[in-house]
Number of protein chains: 2
Amino acid sequence: MAKPNIPDIVVSRLPLYLQTLNHLLREGEEVVSSDELSEKVGIPAVQIRKDLSFFGGFGVKGKGYDIIHLIDNLRSILNLNQIWPMVIVGVGNLGQALIRYQGFARQGFEIVLALDINPNIIGTEIAGIVVQDVETMDTALRSSDIRIALLTVPANAAQSTADALVAHGIKAILNYAPIILKLPEGVRVANIDPVLKLEHLTYYLS
Amino acid sequence: MAKPNIPDIVVSRLPLYLQTLNHLLREGEEVVSSDELSEKVGIPAVQIRKDLSFFGGFGVKGKGYDIIHLIDNLRSILNLNQIWPMVIVGVGNLGQALIRYQGFARQGFEIVLALDINPNIIGTEIAGIVVQDVETMDTALRSSDIRIALLTVPANAAQSTADALVAHGIKAILNYAPIILKLPEGVRVANIDPVLKLEHLTYYLS
DNA sequence: TAGATTGTTAATCGATTAACAATC
DNA sequence: TAGATTGTTAATCGATTAACAATC
């Protein structure tokens with residue numbers, strides 16, 4: 001249902017605006033101008049206004065934006081007015097840390113299923129989640145409404161695991177494995193690879 | 001000394017090329033055409049050639065690119081012909097997972113110093129690293145050649161911690177805290193925020 | 001040589017920014 | 001009303017892509 005005509009790069013900035021608006025709200029602010037928001041978020045005011053105008057006119061001329069109102073609208077645009085249940089596959093160091101991370105639930109993303117292949121890890125409980133055998137993916141996912149997966153398996157297992165997840169109805173994957181996944185149209189992938197970011201940084205370190 | 005005229009977006013793709021070339025090398029390949037690389041990396045062949053041409057002519061017409069030769073060149077461009085020592089500040093769940101993560105060292109990034117504020121964590125050893133009191137940042141960094149920091153402290157401590165790191169000579173920060181850091185010119189920041197990525201993904205989940 | 005593929009110039013496309021009218 | 005600030009149109013800028021000459 002996402003309007004197909006809105007540039008993805010615009011969409012990618014909305015979560016950033018939302019994050020900053022939430023900060024402002026917590027600080028007790030009620031109204032913010034695009035100039036003030038620009039200062040906080042590090043994006044030109046005119047670009048913020050242009051981005052928002054793709055979705056509607058949320059501001060008041062001469063005043064600025066009502067923070068609560070704008071947050072509501074952004075949450076609605078980004079489909080955040082619901083809890084998103086997630087599966088995590090791969091419960092190693094990183095997987096465990098992500099299961100324990102409070103930041104997901106705080107924003108409405110809840111890890112409800114954890115899968116691993118290692119018999120020593122299967123059956124252990126982490127932050128209230130009992131790790132299941134990855135073999136049970138079929139049954140576990142079939143009876144659920146999970147559409148998002150966190151992929152934290154070793155690189156050499158990532159593609160086949162992703163394929164299996166997609167075969168079982170997963171529509172979005174946050175991929176922590178350092179490889180480029182090939183997936184069918186209609187499945188969204190976002191990659192998190194700190195090494196790539198570091199290599200980008202070192203380019204600028206003389 | 002990085003040529004200042006090369007678009008950052010071009011630089012940001014080089015690590016991706018390097019990653020894929022390393023895969024190909026491990027698979028025993030010796031030469032790759034921009035078409036084949038394009039297929040693997042998901043970026044148009046013409047764009048790969050254009051990107052590379054900013055730095056030189058690394059290919060052979062009619063043949064393609066010698067993989068080892070291109071890897072060498074990319075590593076040199078990205079300043080990867082050295083070990084980059086790093087400090088990590090914040091040894092919670094995520095920090096511990098990152099200290100244990102093998103992927104950094106494998107690519108020449110080595111966490112050599114871990115700092116935390118929590119007395120229960122200070123003094124503990126993780127993957128061979130003894131966690132130090134963050135109060136010792138001054139002495140620890142002064143006598144080192146560490147220029148890169150991983151920032152894994154809680155959001156409310158991130159800005160002040162980043163300021164302290166910069167005051168002690170850190171030039172690049174990989175920021176895992178869900179806030180936008182304000183730092184002086186000349187300090188590079190890259191952000192890793194899975195929640196922002198998830199919120200971007202859910203836009204497309206009807 | 002013919003075929004394949006690079007590297008580069010020029011054209012296109014899309015995103016950012018400037019200018020400003022609208023209006024609270 | 002005057003001042004502030006949005007939302008939008010038009011101009012600019014920069015990145016991607018197409019076309020193709022060069023050449024291994």
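Every heavy atom of this structure was used, including side-chain atoms; hydrogens, water molecules and symmetry mates were not. Convention: sequence-line order gives letters A, B, ...; per-chain numbering from 1. Keep in mind that this is a model prediction, so the values were computed, not measured.
When each of A/Lys61 and A/Asp51 is assigned the nucleotide of DNA chain C with its nearest heavy atom, A/Asp51 is the one assigned upstream, toward the 5' end. Each of A/Pro44 and A/Gly62 has a nearest nucleotide on DNA chain C; the 5'-most of these lies closest to A/Pro44.
An OP1 or OP2 oxygen of D/dT16 is reached within less than 4.0 angstrom by a side-chain nitrogen or oxygen of B/Arg13. Between B/Arg49 and C/dG7 there is no side-chain polar atom (N or O) within less than 4.0 angstrom of OP1 or OP2. Applying the 4.0 Å criterion to OP1 and OP2 of D/dT5, one finds that A/Ser34 has every side-chain N and O outside that range. Phosphate contact (OP1/OP2 of C/dG7, side-chain N/O of B/Tyr65, threshold under 4.0 Å): present.
In this structure, the CD1 atom of B/Ile9 is 14 Å from the P atom of C/dG14, given to the nearest Å. Atom CD1 of B/Ile6 is separated from atom P of D/dG14 by 15 Å (rounded to the nearest Å). What separates CZ of A/Phe58 from C1' of D/dG7 is a distance of 12 Å, to the nearest Å. For the pair B/Ile48 CD1 and C/dT8 C1', the interatomic distance rounds to 17 Å; values are reported in whole Å. For the pair A/Gln47 CD and C/dG14 P, the interatomic distance rounds to 17 Å; values are reported in whole Å.
Within the 4.5 Å cutoff, the side chain of B/Leu198 has no heavy atoms near those of the A/Trp84 side chain.
No hydrogens or angles considered: a donor-acceptor pair under 3.5 Å links the side chains of A/Asp8 and B/Tyr204. Between the side chains of A/Asp51 and A/Gln47, no donor N or O sits under 3.5 Å from an acceptor N or O.
In the set C/dT17, D/dT17, C/dT16, the nucleotide with an atom closest to the side chain of A/Val46 is C/dT17. Comparing atom distances between the A/Ser33 side chain and each of C/dT8, C/dT16, D/dT6 picks out D/dT6 as nearest.
The partner of D/dT5, taking Watson-Crick or G-U wobble pairs whose two distances both stay under 3.5 Å, is C/dA22. Remark: D/dA15 base-pairs with C/dT12. Criterion, Watson-Crick or G-U wobble with two distances under 3.5 Å.
Each of B/Leu174, B/Leu181, B/Val87, B/Val189 was evaluated against B/Leu151; a single residue qualifies, B/Leu181, per the side chain to side chain contact (heavy atoms under 4.5 Å, CB included) test. A/Asn175 pairs with exactly one of A/Thr161, A/Asp193, A/Asn191 by the side chain to side chain donor-acceptor pair (under 3.5 Å) rule, that one being A/Asn191.
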